[in-house]
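For reference, the structure I am asking about is given below.
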Amino acid sequence: MTAETEELAEQRLLEIRTSPHIRSPLATPQVMRGVLIALIPASAASIYFFRIQALLLILTSVVACMGVEALCQFLLKRPISVGDGSAAVTGLLLALVLPPGLPLYYVALGAAFAIIIGKQIFGGLGYNIFNPALIARAFLMAAFPGRLTTWLEPFTLKVVGSVDAITKATPLALMKFYSEPTPLKNLFFGNVAGSLGETCALALIIGAAFLLIKGYMDWRIPLSYLGIVFILSALIWKFAPGSGSPLFHLLSGGLLLGALFMATDPVTSPVTKTGRWLFGIGAGLLVIIIRNWGGLPEGVMYSILLMNAVTPLINRLTKPKPFGAAK
Amino acid sequence: MKRNPGIIVDFTKGLWQDNPVFRQLLGMCPTLAVTGKALQGLTMGLAVTFVLVSTGIVISLIRKIVPRQVRIATFTVTIATFVTLADRFLAARFPAMSAALGPYVPLIVVNCIILGRQEAFTSKNPLLPSLFDAFGMSVGFTWALVVLGCIRELLAYGSIFGQSVLGTSFEPWVVMALPPGAFITLGLLIGLMNVIQKKKEARGKE
Amino acid sequence: MGEIQKLVLVFIGAALVNNFVLTYFLGICPFIGVSRRLGDALGMGLAVTFVMTLTATVTWAIYYLILIPLHLEFLEYVAFILVIASLVQIVEMFLRRSVPGLYRALGIYLPLITTNCAILGLALFMVLKNYTFPQAIVFGIGGGLGFTLAILIMAGIREELEYADVPEALRGAGITLIIAGLLALAFMGFSGIIGG
Amino acid sequence: MKNNLQMIAVLTLLGVASGGGLVFMARYAEPLIAQHQEESIKEAVRQVLPAFDLAREKIIKADGQKVYAEYDDQGNLVGYAFKAEGPGFQDKIFIMIGLAPDLEHLAGIKIMDPLKETPGLGEKIKSEAWFQEQFRGKDVSRPLKIKPERPADVDAITGATISSQAVTRIINGNIPFIKEAVKRGSGSEAPEQSP
């Protein structure tokens, strides 16, 4: 970088600083309430499939997130803003990405991690770099890999903590390790093994439609994200039919939940329109890479976290450039 | 007798207010890499102690005859020599520990604590203060590594120095043995040390 | 496994799966110290990549063509650190004379690089992993680019956080290390790619 | 001029002292280190071959790698052992592979140090003994198949599918090499007496 471009970089820096972090014209509580409403179908579906365990998991996660948030704000002497609903959204999203059989102790631990490390140490809402629910899940995944990859067959969990629940691999794992396809109908309605909120595609689509109509969600990220996954998995499917059809890849795993409700988080995704396209494309590419060549069957969580990490760089690249800026 | 308080300060400053890890942020690579278990942290601490003290003695003795132009080269060769001695000794006598520490023992060569101390202190001071300074920094470095190692080992394996503490019902947090656990624990510890230091300063002012 | 495929795996391994900073903890000092501004981070990253590639080439030759045939393996560390130190000096002089533009961009980072443990770490890991000559070069490039990626991401995040209300005790090194931890969590998604 | 002389003198002196120290250390350490390595190899060979008591050994060299042919005290061939390596989930995995004299059956395998797989997950390929045990006596005239594949010869560890598959892949990939080396190398060296 020459001295000249460095100077321009300085200008760009100043330009970003002038409008710090006002990313959504809508008030936080209003949007959060909208997101909570949009997640009702998915939550209801999870309670239908996994019964009281799902309900307990959701309650624990939401209550823990809100409690820890209030405690943190009290200790850091910040205004207490649990009422804005953002902690509740984090709690609900965290519950929806956890396996149904997870003991509640781990759920509470994850919730504490989401709020403390994922959000409050960055300065609270609006400053966090990573999606708090996903970073907490990544933490749990790294801490308790066995528990976070033990999935239950729907309807088999009758009593909390009972041992008669039947464990089953997720459709993506069945495909990757056993080359065993899952009927698309099951994927669409959600009668498969997986985390609480990811199994029922129908419920997720209904919720997302609500957010879109209300104008709470930018369509660019989901469209580019899902589009890239669809196109690339179709291409790969043509050469390697064992990899799963494009529809299978769209409906299985956490892709819909991630693309519709997590990647679209305005705080952790780019502010510019071009940036959002880039975010979606990058996340889609990463999902395809991890699902096809990585060690893990699913890559949605990591794809979004990695794109969260480069979001500041994307913002920097796609900000309108001042006069004469080098490309 | 008049010098003694100075010497004591040379020693104690490394323990807390100039602690190489928590305050000066030096030698981060081994601090993060080998503290998955407390014993590994202790061994690394002792290896650094050996190198720091030995190079301290040599450099403080020869500092007057070394021409300025080749100062850094002299320091580097001296350090690399003692590091090799420490590394080969570990490999010969404690092969399992040597394998666990891997390339992080030879990496002491580029540990900023060593070269930094020789540059900043030993090359300007006589033998005795240099020795106290080197010991102080080493003990400060070692206790930091052991603390980090204890916390990580406790959560990642439920034990401290290989002794089971939390019992069999405790489910280990695998992440604490992995890089993310290292980074996050050290980050939080540095924050904690800052809080303690601030409290101390506030009390000192009153 | 074909030779090219092996090289690709070495590259992905060095840059992503076993990222020098996030998995091997190498080059933490510049990673914390020079990641406050994006421009500096880029300069540091490129300088490190440049020196790492050279180091891989030269230390491989020294180790396998001189030390091993002469049974002087015990001089490994002394030889490596001297080679790296002189290499950095030579690069600095060469750039200043012949490529002043590049020197202005990278020059100030070069002296910092001698004690950057990523460089010596590269040489040590290269020996440990028994790499062939082409593999060693790819390892150097991949490791350097992985370092650049990590430090760029970190600088982007830290610039973004400039006005964030980070608890005072964590400002600076504390929050940087924690972000590095979260990044390391995200990079775990790449695990297993080298096994595929 | 005086300065230059002093510079040369100091550097030479330092070089001599440093070199001397290192040579002295190398004299002391290298035999011990070599002994440790030898022992760890021997230990692994002993574990993958049945009833092997270090009677006689022949080392077949192929492409710079060593295949150990082991004999009992009557001079009967007990089996072959070879230290193989390949990519795992996080890093390389090293495996001592033991082959029966017929070259068609596995005598046993041992996952060697350093094992860098994820603690609590991939690392189970070593810590859960049954995983390595199940390879004993398996027919390797064709590549082994691991659990998700059917019909499976061996079980994968739940939660460590990738590492389990990596082990199988490394074994499958190295058997042809060992066979080839043994066939090419046999008879070229007489069995030598172990110390």
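All chains are named by letter (A, B, ...) in the order of the sequence lines, taking the proteins before the strands, and each is independently numbered beginning at 1.
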### Task
Grab the two heavy atoms, one from B:Cys112 and one from C:Cys29, that are nearest each other, plus how far apart they are.
SG-SG, 3.3 Å
### Task
List the steps and the verdict of side-chain contact (heavy atoms from CB on, under 4.5 Å) for C:Leu177 and B:Thr185.
CA-CA 9 Å; C:Leu177 285 166; B:Thr185 314; over 6 Å; no
### Task
Tell me, out of B:Pro30, B:Gly181, B:Pro179, who's got the most heavy-atom pairs with chain C below 4.5 Å.
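Among the listed options, the one with the most contacts to chain C is B:Pro179.
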#### Entry: Under 4.5 Å from any heavy atom of chain B - which part of C:Ala180
both
### Query
What are the two closest non-hydrogen atoms of C:Leu124 and B:Pro106, and how far apart are they?
CD1-CB, 3.7 Å
#### Entry: Side-chain heavy-atom pair C:Leu182, B:Ile184 within 4.5 angstrom cut-off
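Result yes, sub-4.5 Å side-chain heavy-atom pair found.
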### Message
Quick check for you: to the nearest 0.5 Å, what is the distance between C:Thr176 atom OG1 and B:Leu25 atom CG?
### Response
9.5 Å
### Query
Hey, what do you get for CG (B:Asn194) to CG (C:Leu170), rounding to the nearest 0.5 Å?
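If we round to the nearest 0.5 Å, B:Asn194:CG and C:Leu170:CG are 8.0 Å apart.
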### Task
Quick one: pull up CD in C:Glu73 and CZ in B:Arg88 and give me the separation to the nearest 0.5 Å.
9.5 Å
#### Entry: Which atoms of C:Glu76 approach chain B - backbone, side chain, both or neither, heavy atom under 4.5 Å
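Neither part, no heavy atoms under 4.5 Å.
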### Query
Given a strict heavy-atom distance threshold of 4.5 Å, which part of C:Leu26 is in contact with chain B: side chain, backbone, both, or neither?
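Contact with chain B: backbone and side chain both.
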### Query
Does any heavy atom of chain B fall under 4.5 Å from the side chain of C:Phe125, the backbone, both, or neither of them?
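For C:Phe125, side-chain heavy atoms alone lie under 4.5 Å from chain B.
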#### Entry: Heavy-atom pairs under 4.5 Å with chain C, option from B:Leu189, B:Val77, B:Leu192, B:Asp87 with the top count
B:Asp87
#### Entry: Which atom of B:Leu107 lies closest to which atom of C:Cys117, heavy atoms considered
CD2-O, 3.6 Å
### Query
Rounded to the nearest 0.5 Å, what separation is found between the CG atom of B:Leu178 and the CG atom of C:Leu22?
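Rounded to the nearest 0.5 Å, the CG-CG separation comes out at 13.0 Å.
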### Intermediate values then yes/no, side-chain contact (heavy atoms from CB on, under 4.5 Å), C:Ile28 and B:Leu32
CA-CA 9 Å; C:Ile28 299 289; B:Leu32 290 159; 3.9 Å; yes
### Message
With rounding to the nearest 0.5 angstrom, report the OG1 to CG distance, B:Thr84 to C:Leu75.
### Response
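The distance works out to 8.0 Å.
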### Query
What are the two closest non-hydrogen atoms of B:Ile190 and C:Gly174, and how far apart are they?
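Looks like CG2-N, 4.4 Å.
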### Query
Are more than 12 heavy atoms from other residues, nucleotides or ligands located less than 6.0 Å from atom CZ of B:Phe135?
no
### Query
Parallel under 30°, tilted from 30 to 60°, perpendicular over 60°: which one fits the rings of B:Phe183 and C:Phe25?
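Answer is tilted, since the angle falls between 30° and 60°.
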### Query
So which part of C:Leu128 gets closer than 4.5 Å to some heavy atom of chain B, the side chain, the backbone, both or neither?
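The side chain, not the backbone.
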### Query
Should we count CZ of C:Phe133 as having more than 12 external heavy atoms under 6.0 Å?
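Yes, enclosed.
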### Query
Would one find more than 12 heavy atoms of other residues, nucleotides or ligands at under 6.0 Å from atom CZ of C:Arg171?
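More than 12 heavy atoms, drawn from other residues, nucleotides or ligands, come within 6.0 Å of this atom.
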### Query
What part of B:Ile79 is in contact with chain C, defined as an atom under 4.5 angstrom from a non-hydrogen atom: side chain, backbone, both or neither?
neither
### Message
Just checking C:Leu70: does its CG atom have more than 12 heavy atoms from other residues, nucleotides or ligands closer to it than 6.0 angstrom?
### Response
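Buried by this count: over 12 neighbours within 6.0 Å.
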### Query
Which value, rounded to the nearest 0.5 Å, describes the distance between B:Thr81 atom OG1 and C:Ile81 atom CD1?
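Spacing of OG1 (B:Thr81) from CD1 (C:Ile81) equals 11.5 Å.
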### Task
Decide yes or no for C:Val78 and B:Val109: does some side-chain heavy atom of the first lie under 4.5 Å from some side-chain heavy atom of the second?
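Side-chain contact under 4.5 Å: no.
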### Task
Could you tell me which non-hydrogen atom of C:Gly181 sits nearest to which non-hydrogen atom of B:Pro180, and how far apart they are?
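Nearest heavy atoms, C:Gly181 then B:Pro180: O-CB, 3.5 Å.
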